[in-house]
Amino acid sequence: MNKRIWAAALAAAVMVTSAVTIPYKDVQMAAAAAQSSSSGGEVEDTSADGRTTAGGFTFRVAGNEATITGYSGAAKELSIPTKIKYEKPGTGNGTGSGSGGSGSGGSSNENAVEYAVTAIAENAFSGNLGIQKLTMSGGINSEGKAYGIKTIGNRAFFACHDLSDITIASTTTSIGDFAFSDCVALNTIKVADGNQRYKVIDNALYYYTAGTGTGLYTLIQYPLANNAAEYKVPDAVSMTLTDIGKGAFWGSAFLEKITLPDTVRTIGDNAFSECRKLKTVTLPSGLSSIGTEAFKGAAALEEVTLPDGITIINNGTFQGCESLKKVNMTDALKIIGNRAFEGCKSLTDFEVPANVTTIGDHAFAQCDNLHQITIPMRTTSIGSGVFTGTTVTIMCHNGSQAAVYAASNGLTAERTYTVGFYTNNTYTNLIASQEVVEGKDAVPPKVAERDGYRMSWSGGYTAIRQDTRVYQVWNKLFNVTFVDTFNDRTEVVKTDEGKTAVPPAWTMSGYTPTWDKDLTDPVTEDFTVHVKWRSNSTGKTLAADAVKPAKKGTQFEKGNNRYQVSNANAENPTVKFIGLVKAEVSIVNIPEVVSYGGVKYKVTLISANSVKGNTSIRELVIGKNMTGICAKSFNDCKNLNKIKLKSKLIAKMNNKAFKGISKKAKFYTYNSQIAKYKAMIKKAGVKSPVVKRL
């Protein structure tokens with residue numbers, strides 16, 4: 001390969017050496033690739049006036065190179081010429097029209113000029129609605145010369161709404177901002193083989209630059225006719241995509257969700273403008289810049305979270321986001337630009353982050369439903385018309401620039417005061433500060449806990465009426481253990497050193513809790529407190545070793561008798577006799593008390609039908625605590641002939657309690673009870689009861 005061919009091949013295959021370095025031994029392969037990738041070879045056009053070609057292209061020249069500046073033709077499938085020939089009017093001596101000699105032919109040859117088309121100027125085809133397919137050629141011609149488009153200017157094909165198919169030459173090394181933005185019919189993008197700057201991945205156009213590993217990518221143009229509802233970053237660039245180019249998604253009619261990888265650092269101007277169905281955007285944590293009008297006209301966007309790296313909301317970033325209800329920002333933000341939220345009709349309240357110094361012109365204009373905005377003390381520059389068309393109350397620090405602005409612009413303002421939360425009593429380390437409306441309460445920030453300590457604030461932060469500062473106070477904690485042996489419960493109350501312990505709100509029916517330690521002493525160590533229950537009726541205190549009665553309804557056996565707990569009150573637990581374990585006994589002895597589970601219960605009642613029909617029983621002894629004998633308790637106990645009533649407390653013997661017992665039955669009780677019990681026994685079913693002295 002001679003030097004001329006080698007240089008041309010290198011120029012085509014390695015357009016910018018900073019992008020990819022190709023070793024000398026690979027130059028022949030690169031040249032072959034560049035030549036084979038040319039889109040149909042050189043495309044020639046002619047000009048009669050040096051300004052417009054026969055194909056309808058206008059151009060300008062510099063040296064022997066031409067730049068396409070416009071197009072007036074009607075072609076739907078357009079190929080950009082790679083060279084333009086222009087024959088200047090003849091200046092030779094021959095005036096005839098015949099052939100031969102040095103006539104017009106010779107003059108034409110001497111004045112013929114050929115320009116290599118290397119660029120497309122800014123706005124050259126902007127707004128052209130006829131072009132459907134565009135082809136740009138480039139490569140190495142048969143003479144070994146490099147040819148083709150190197151540069152595409154800013155907005156060169158902007159808003160070509162019918163353009164659906166693009167082929168970019170292998171020689172193209174620079175594509176300007178918004179070159180294909182708002183080409184809403186764009187469906188197919190191709191880049192000829194051998195291009196060292198641009199690649200198509202999943203039908204989207206990317207710009208490639210050298211970097212560590214596999215290099216870095218910028219998304220230049222998304223195919224706007226793609227009807228996918230979600231943009232997913234291709235695996236091929238998921239770890240290397242660093243930038244979203246200007247206007248990359250401008251005008252997408254289908255996208256509803258976009259999730260950007262953490263590698264993305266910048267979003268260009270108008271990147272997502274007029275994406276009217278876009279509802280959800282997940283911005284990467286490392287994002288450092290969002291361009292002007294990046295989301296302008298994204299009418300469906302409802303919420304956005306700005307990462308820490310965003311310090312400026314640029315001009316018009318969210319202008320016309322009519323559904324935007326919530327903007328999550330950090331205190332890293334410093335500037336809100338002109339028109340940043342203009343026309344955000346769904347915003348109802350807005351809190352400007354504490355470190356914002358500047359709010360630009362018309363920043364919140366035409367925010368129809370914005371009724372409240374909080375502006376911090378540090379905001380010292382507020383532009384003109386910020387709240388035009390908006391009825392809003394400005395929450396601002398007394399005497400702040402925002403307060404002055406509100407007064408001078410006839411806006412409603414409510415005074416606020418700064419409440420600062422600090423880590424120390426020298427107020428040198430601020431945790432957080434808040435602007436609090438006069439008379440309202442501040443909300444303290446969440447702070448990390450410290451094991452064994454409780455944090456409190458040095459002063460109050462409620463009903464604020466002046467600037468206030470408070471700092472953290474760390475109090476050592478001690479464990480005060482409260483024990484209720486009777487009810488088998490324990491509760492540990494963590495108590496600040498020097499404070500008094502607050503006992504748990506324990507209750508027990510009929511009793512009041514007292515404690516075995518003085519709880520008015522300041523706490524200086526861990527200790528244990530036992531509850532002592534004092535009866536509300538008797539004033540007696542349960543013994544320290546008192547055991548809680550079984551739950552009401554609990555059944556148990558004692559001897560041959562079966563009982564059921566009828567009253568679980570600790571002061572007066574009672575049971576009732578409900579039957580026998582073994583029915584074949586001649587004597588039934590119901591005692592005055594019975595023990596179960598360490599508790600003594602009074603036996604106060606004989607339940608209905610408890611031994612009904614038992615013909616084995618001959619003798620019955622009823623203890624001193626009995627108060628009632630229920631219906632049919634001993635009904636049809638035909639052999640029961642001796643009943644001892646030792647209790648003086650029986651108030652009732654219910655219907656048929658003793659009906660059907662032995663006709664020879666005798667009852668025994670105290671002399672003082674004979675008359676009363678005889679009447680009861682008769683009502684209980686014994687027509688002529690015999691009652692004798694016990």
Chi angles and distances behind the side chain to side chain contact (heavy atoms under 4.5 Å, CB included) call for Phe180, Ile175 | CA-CA 9 Å; Phe180 304 105; Ile175 298 177; 4.1 Å; yes
Do other residues, nucleotides or ligands put more than 12 heavy atoms under 6.0 Å from Asp235 CG?
-> no
To the nearest 0.5 Å, what is the distance between CG (Asn409) and OG (Ser384)?
-> 9.0 Å
Given Phe341, Trp250, Phe318, the one that forms ring pair (Phe, Tyr, Trp, His ring centres under 6.0 Å) with Phe295 = Phe318
All heavy atoms of Gly498 vs all of Pro522, minimum pair found to be O-CB, 3.6 Å
State the OG-CD distance between Ser346 and Glu303, to the nearest 0.5 angstrom.
-> 12.5 Å
With a 4.5 Å limit on heavy-atom distance, are the side chains of Gln472 and Ile431 in contact?
-> yes
Going by distance alone, is a donor N or O of one side chain under 3.5 Å from an acceptor N or O of the other, for Asp243 and Thr266?
-> yes
Please test Asn314 against Ile290 for side chain to side chain contact (heavy atoms under 4.5 Å, CB included), starting from the C-alpha separation and ending with a verdict.
-> CA-CA 7 Å; Asn314 278 306; Ile290 301 176; 5.5 Å; no
Greater than 12 external heavy atoms within 6.0 Å of Glu302's CD | yes
Salt bridge flag under 4.0 Å for residues Asp368 and Lys345 = yes
Give a yes or no on whether the backbone of Asp361 and the side-chain of Asn338 come within a donor-acceptor separation of less than 3.5 Å.
-> yes
Looking just at side-chain N and O atoms, do Thr393 and Thr412 make a donor-acceptor pair shorter than 3.5 Å?
-> no
If we ignore angles and hydrogens, is there a donor and acceptor under 3.5 Å between the side chains of Asn536 and Thr512?
-> yes
Determine yes or no for a side-chain-to-main-chain donor-acceptor pair under 3.5 angstrom, with Thr390 supplying the side chain and Cys367 the backbone.
-> yes
Got a donor-acceptor contact below 3.5 angstrom from the Asp177 side chain to the Asn154 backbone?
-> no
Test salt bridge (Lys or Arg N to Asp or Glu O under 4.0 Å) applied to Asp516 and Lys532, step by step | CA-CA 7 Å; Asp516 68 350; Lys532 298 189 294 182; over 6 Å; no
Under the 3.5 angstrom rule, does the side chain of Thr500 hit a backbone N or O of Leu519 as a donor-acceptor pair?
-> no
Which atom of Trp457 lies closest to which atom of Pro445, heavy atoms considered | CZ2-CD, 4.1 Å
Check against side chain to side chain contact (heavy atoms under 4.5 Å, CB included), Thr416 and Val437 = CA-CA 4 Å; Thr416 65; Val437 177; 4.1 Å; yes
Gln366 versus Glu342, side-chain donor and acceptor atoms under 3.5 Å = no
Would you say the side chains of Arg378 and Asn355 form a donor-acceptor pair under 3.5 Å?
-> yes
Search all heavy atoms of Ala271 against all heavy atoms of Ile244 and return the closest pair with its distance.
-> CB-CG2, 4.0 Å
May I have the step-by-step check of side chain to side chain contact (heavy atoms under 4.5 Å, CB included) for Phe272 and Val281, ending in yes or no?
-> CA-CA 10 Å; Phe272 301 101; Val281 175; 5.7 Å; no
Does anything in residues 403-414 pair up under salt bridge (charged side-chain N to carboxylate O under 4.0 Å, His left out), and if so which pairs, sequence neighbours excluded?
-> none
Is Ile359 close to Val352 at the side-chain level, that is, under 4.5 Å between some pair of heavy atoms?
-> yes
Would you give the length of the straight line joining atom OG of Ser289 to atom CZ of Arg265, rounded to the nearest 0.5 angstrom?
-> 12.5 Å
So how far is it from Trp506 CH2 to Arg489 CZ, rounded to the nearest 0.5 Å?
-> 6.0 Å
Any pair with a residue in residues 510-530 that passes ring-ring contact (aromatic ring centres under 6.0 Å, His included), sequence neighbours left out, goes on the list, sorted by first then second residue, please.
-> Phe482-Trp515
Could you tell me whether the side chain of Pro573 reaches within less than 4.5 Å of the side chain of Asn567, counting heavy atoms only?
-> no
Show the numbers, then the answer: is there a ring-ring contact (aromatic ring centres under 6.0 Å, His included) between Tyr563 and Tyr601?
-> CA-CA 10 Å; Tyr563 300 95; Tyr601 298 86; 9.2 Å; no
Would a 4.5 Å heavy-atom cut-off, applied to side chains only, mark Val531 and Asn487 as touching?
-> no
Tell me whether the centres of the aromatic rings in Phe249 and Tyr231 are closer together than 6.0 Å.
-> yes
Within the distance-only criterion (no hydrogens, no angle test), does the side chain of Ser458 pair as donor or acceptor with the backbone N or O of Val470 below 3.5 angstrom?
-> no
Does any non-hydrogen side-chain atom of Gln372 lie less than 4.5 Å from one of Met395?
-> yes
Considering non-hydrogen atoms only, spot the tightest contact between Leu333 and Ile312 and give its length.
-> CD1-N, 3.7 Å
Between Asn572 and Lys602, is any pair of side-chain heavy atoms under 4.5 Å apart?
-> yes
Short side-chain to backbone donor-acceptor contact, Asp202 and Ala204, under 3.5 Å = no
Does some side-chain heavy atom of Asn226 sit less than 4.5 Å from a side-chain heavy atom of Phe254?
-> no
Step through the shown structure and confirm whether more than 12 heavy atoms of other residues, nucleotides or ligands are within 6.0 Å of CE on Met455.
-> yes
Assess the side chains of Asn270 and Lys296: does a donor N or O sit below 3.5 Å from an acceptor N or O?
-> no
More than 12 heavy atoms of other residues, nucleotides or ligands under 6.0 Å from CG of Asn424: is that the case?
-> yes
Between the OG1 atom in Thr358 and the CD1 atom in Ile336, the distance rounded to the nearest 0.5 Å is 9.5 Å
Quickly, which of Thr330, Ile313, Asn328 forms a side-chain contact (heavy atoms from CB on, under 4.5 Å) with Leu306? Name it, please.
-> Ile313
Can you find a pair of side-chain heavy atoms, one from Glu571 and one from Trp533, that are under 4.5 Å apart?
-> no
Charged N to carboxylate O under 4.0 angstrom, Lys499 versus Glu497?
-> no
Whether Tyr596 and Phe556 hold their rings parallel, tilted or perpendicular, with breakpoints at 30° and 60° | parallel
Measuring from Ile382:CD1 to Phe364:CZ, what's the distance to the nearest 0.5 Å?
-> 10.5 Å
Closest non-hydrogen atoms of Pro284 and Pro261, given as atom of the first, atom of the second and distance, are CB-O, 3.1 Å
Is the number of heavy atoms from other residues, nucleotides or ligands within 6.0 Å of CZ (Arg276) greater than 12?
-> no
Taking atom types as modelled, find out whether Asn429 and Thr423 have a side-chain donor-acceptor pair closer than 3.5 angstrom.
-> yes
Quick one: closest heavy-atom pair of Ser273 and Glu293, and the distance?
-> OG-O, 2.7 Å
With no hydrogens and no angle check, do the side chains of Asp182 and His161 hold a donor and an acceptor under 3.5 Å apart?
-> yes
Judged by atom type as modelled, is there a donor-acceptor pair below 3.5 Å linking the side chain of Lys325 to the main-chain atoms of Thr348?
-> no
Donor-acceptor pair between Asn479 and Lys494 side chains, under 3.5 angstrom | yes
